[in-house]
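Working notes, beginning with the structure itself.
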Amino acid sequence: MLIRNARLVAVTEAVPGLVDVRLDGGRVVEVGPSLAGGDAPSYDADGRWLMPGLWDQHVHLGQWTLASARLDLGPARSSAEAVTLVRERLAEWPDLPVIGWGHRPTAWPDMPTVSDLDAIGTDQPIVLIAGDGHHGWLNTVALHALALPIRDSVVSEAEWFMAYGRLASVLGQDGTGPDAYRRSMEAAAAQGVVGLVDLEFSGGVADWVARWAGGADLLRIRHACYADGLDDVLARGLRSGDPLADDPRLTMGPLKIISDGSLNTRTAWCGEPYAEKAVPGFEEGQPNQTPEDLRALLARAAAGGLDVAVHAIGDRAVAEALAAFEETGARGGIEHVQLTTRDDVRRMARLGVRASVQPAHLLDDRDVTERLWPGRAERCFPLRWMLDDGVDVVLGSDAPVSPLDPWLAIASAVHRSGDDREPWHPEQSITAREALAASTDGWGTIAPGHPADLVLLDADPLAGTSDREHAARLRSFADQVVVTWVAGQAAYSR
């Protein structure tokens, strides 16, 4: 195909004027003015803006697919308000389980308990998933259904991640069939997204191959495994980048390791104690495995040719992850890097460890950071440090913790504020061009040899005035998407 009369977005270098872009075999093979057409079909861009397609480097695609059917608990400001929302859902659909998402109890005056939900008096399972994904608040019926020990507290961290994979036993049809995945992919393609790194907690290679065969094959997918699926991946002889289902658009991704917790559950592993409501006995947060176990996992992955994606939110967790990378020679990156030090940023650059950051999290965590990590906010989401020191930075959403919206991530990295307040530590902001470049899987301004994963836009996303105005414009930039091509095929057309 020949795309005619396009302007190229200057993701890296500028290419002035109108150009034609020839696609063949799923790649860009020629770029220049007034290319000969031959017999190939053509598309007239009519002066619109063409750039590499966007990637979300951190998605829990199954959870995101389920999100539209979940009870939104984001507005709840106390356990009582959350219980009221659950009661209202059960009054409307008394014969269905309640699966909720989005509550953030750190700032609540009371902590959620099983007995609060049991007092509703229903035989239906109730599973309420925290907004950071790191704990589940269940009633006793749901605890039984998920084969969990009875308790009055929430189910958190590793125990919760394992239980999440059994959620289909509560829901029956869990709404994550190939058709549901396809709809999630269509919505992403409408925003200019061409690829996703799927870090879902449950499921393995066979699940993705079956899902792909069932029609969930619209975008490029890198499928990550967890420690419990590592034996299967190694037995199959799969290395990161190998195609699954005989299709180069579906590939093996990294081994995902969750090395610590999260800020909101006060389990992110830090070098200093939490200022309030710390977990007793773990005032600095806690790791999810010993340093020896972390190194053993990285060493197995490295020996098997797998990249590694290590979830590390607290600065102590980041430091331990970097030590493990250095000692084992493993390749890959750290997910989140929410709190770190300048020295460890430089260490990331020296080791070639990638930083996979979700900038929209800073919008949600700004206020709670000031409460729980006072005096440390200048070291949170340090994107400017990372780029200045030469770290390879890629952006994502962690959907459904934040929406699967690359334009929101880009805007958050540029302006670092989601409301009328001034940017939060603007010295760590990056430019729109830098944020865009961190969202295209390493592909700069379109050139021969690039994959034919492209998005055509009505306007130039780099055109802007002040950071505030530019960020406001970027947050709604999905409206500017005209066509999204994946491997040269239209995945979305307005």
Side-chain angles (χ1 to χ4, degrees), residues 59-177 179-181 183-184 187 200-203 262 264-265 364 398-404:
V59 175
H60 300 277
L61 194 52
Q63 291 190 66
W64 178 247
T65 299
L66 279 169
S68 61
R70 289 173 171 165
L71 173 63
D72 180 14
L73 294 173
R77 295 295 177 265
S78 66
S79 294
E81 288 186 15
V83 167
T84 297
L85 292 172
V86 173
R87 288 185 184 276
E88 292 172 352
R89 172 59 67 94
L90 284 167
E92 187 174 2
W93 292 313
D95 298 325
L96 294 176
V98 178
I99 309 297
W101 172 271
H103 62 288
R104 294 179 179 270
T106 302
W108 288 1
D110 50 353
M111 297 306 293
T113 64
V114 172
S115 52
D116 290 337
L117 299 180
D118 286 348
I120 295 173
T122 177
D123 293 330
Q124 292 296 333
I126 301 172
V127 180
L128 309 181
I129 305 168
D132 60 9
H134 278 249
H135 83 244
W137 176 18
L138 285 64
N139 67 350
T140 299
V141 176
L143 289 170
H144 280 301
L146 290 172
L148 290 166
I150 302 305
R151 85 286 302 276
D152 200 40
S153 59
V154 300
V155 183
S156 62
E157 300 304 337
E159 186 185 18
W160 168 242
F161 300 140
M162 293 297 293
Y164 185 86
R166 304 193 296 272
L167 198 54
S169 65
V170 171
L171 295 173
Q173 170 49 254
D174 69 349
T176 55
D179 56 338
Y181 268 76
R183 288 192 295 272
S184 292
E200 187 56 87
F201 298 125
S202 59
S262 72
N264 281 275
T265 55
D364 296 322
D398 199 11
V401 180
S402 293
L404 203 171

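Since the model is a prediction, treat every value here as computed from it, not as a measurement.
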Can you give me every donor-acceptor pair (side chain of residues 73-88, partner residue at least two apart or in another chain, under 3.5 Å) with its distance?
from  : atom 1 : to    : atom 2 : distance (Å)
Arg77 : NH1    : Gly74 : O      : 2.8
Arg77 : NH1    : Pro75 : O      : 3.4
Ser78 : OG     : Ala80 : N      : 3.4
Ser78 : OG     : Glu81 : N      : 3.1
Glu81 : OE1    : Arg77 : N      : 2.9
Thr84 : OG1    : Ala80 : O      : 3.0

For Asp118, give me all partners under side-chain contact (heavy atoms from CB on, under 4.5 Å), at least two apart in sequence or on another chain. Val114, Asn139, Thr140
Asp123 atom CG: more than 12 heavy-atom contacts under 6.0 Å: no
Thr106 side, atom OG1; Asp132 side, atom CG - distance, nearest 0.5 Å: 7.5 Å
Between Arg89 and the options Val98, Ile126, Ile99, the side chain to side chain contact (heavy atoms under 4.5 Å, CB included) test singles out Val98
Kindly determine whether Phe201 and His60 satisfy side-chain contact (heavy atoms from CB on, under 4.5 Å), including the steps that lead there. CA-CA 7 Å; Phe201 298 125; His60 300 277; 3.8 Å; yes
Any side-chain to backbone donor/acceptor pair from Trp137 onto Ile129? Under 3.5 Å, distance only. no
Under the side-chain contact (heavy atoms from CB on, under 4.5 Å) test, residues paired with Gln124 that sit two or more places apart: Leu90, Pro97, Thr122
I want to check something: taking the side chain as every heavy atom from C-beta on, are Leu143 and Val155 in contact at a cut-off of under 4.5 Å? yes
Residue list, salt bridge (Lys or Arg N to Asp or Glu O under 4.0 Å) with Asp364, at least two apart or on another chain: Arg104
Can you name the closest pair of heavy atoms from Thr65 and Ser184 and give their distance? OG1-OG, 2.9 Å
Quick one: which residue pairs count as a salt bridge (charged side-chain N to carboxylate O under 4.0 Å, His left out) with a foot in residues 139-154, not counting sequence neighbours? Arg151-Glu159
So, Glu200 side chain and Gln63 main chain: donor-acceptor pair closer than 3.5 Å or not? yes
Can you name the residues that form a ring pair (Phe, Tyr, Trp, His ring centres under 6.0 Å) with His135, not counting sequence neighbours? His103
Might you work through the side-chain contact (heavy atoms from CB on, under 4.5 Å) test for Leu138 and Trp160, ending with a clear yes or no? CA-CA 11 Å; Leu138 285 64; Trp160 168 242; 4.0 Å; yes
Quick one: CG on Asn264 to NE2 on His134, what's the gap to the nearest 0.5 Å? 9.5 Å
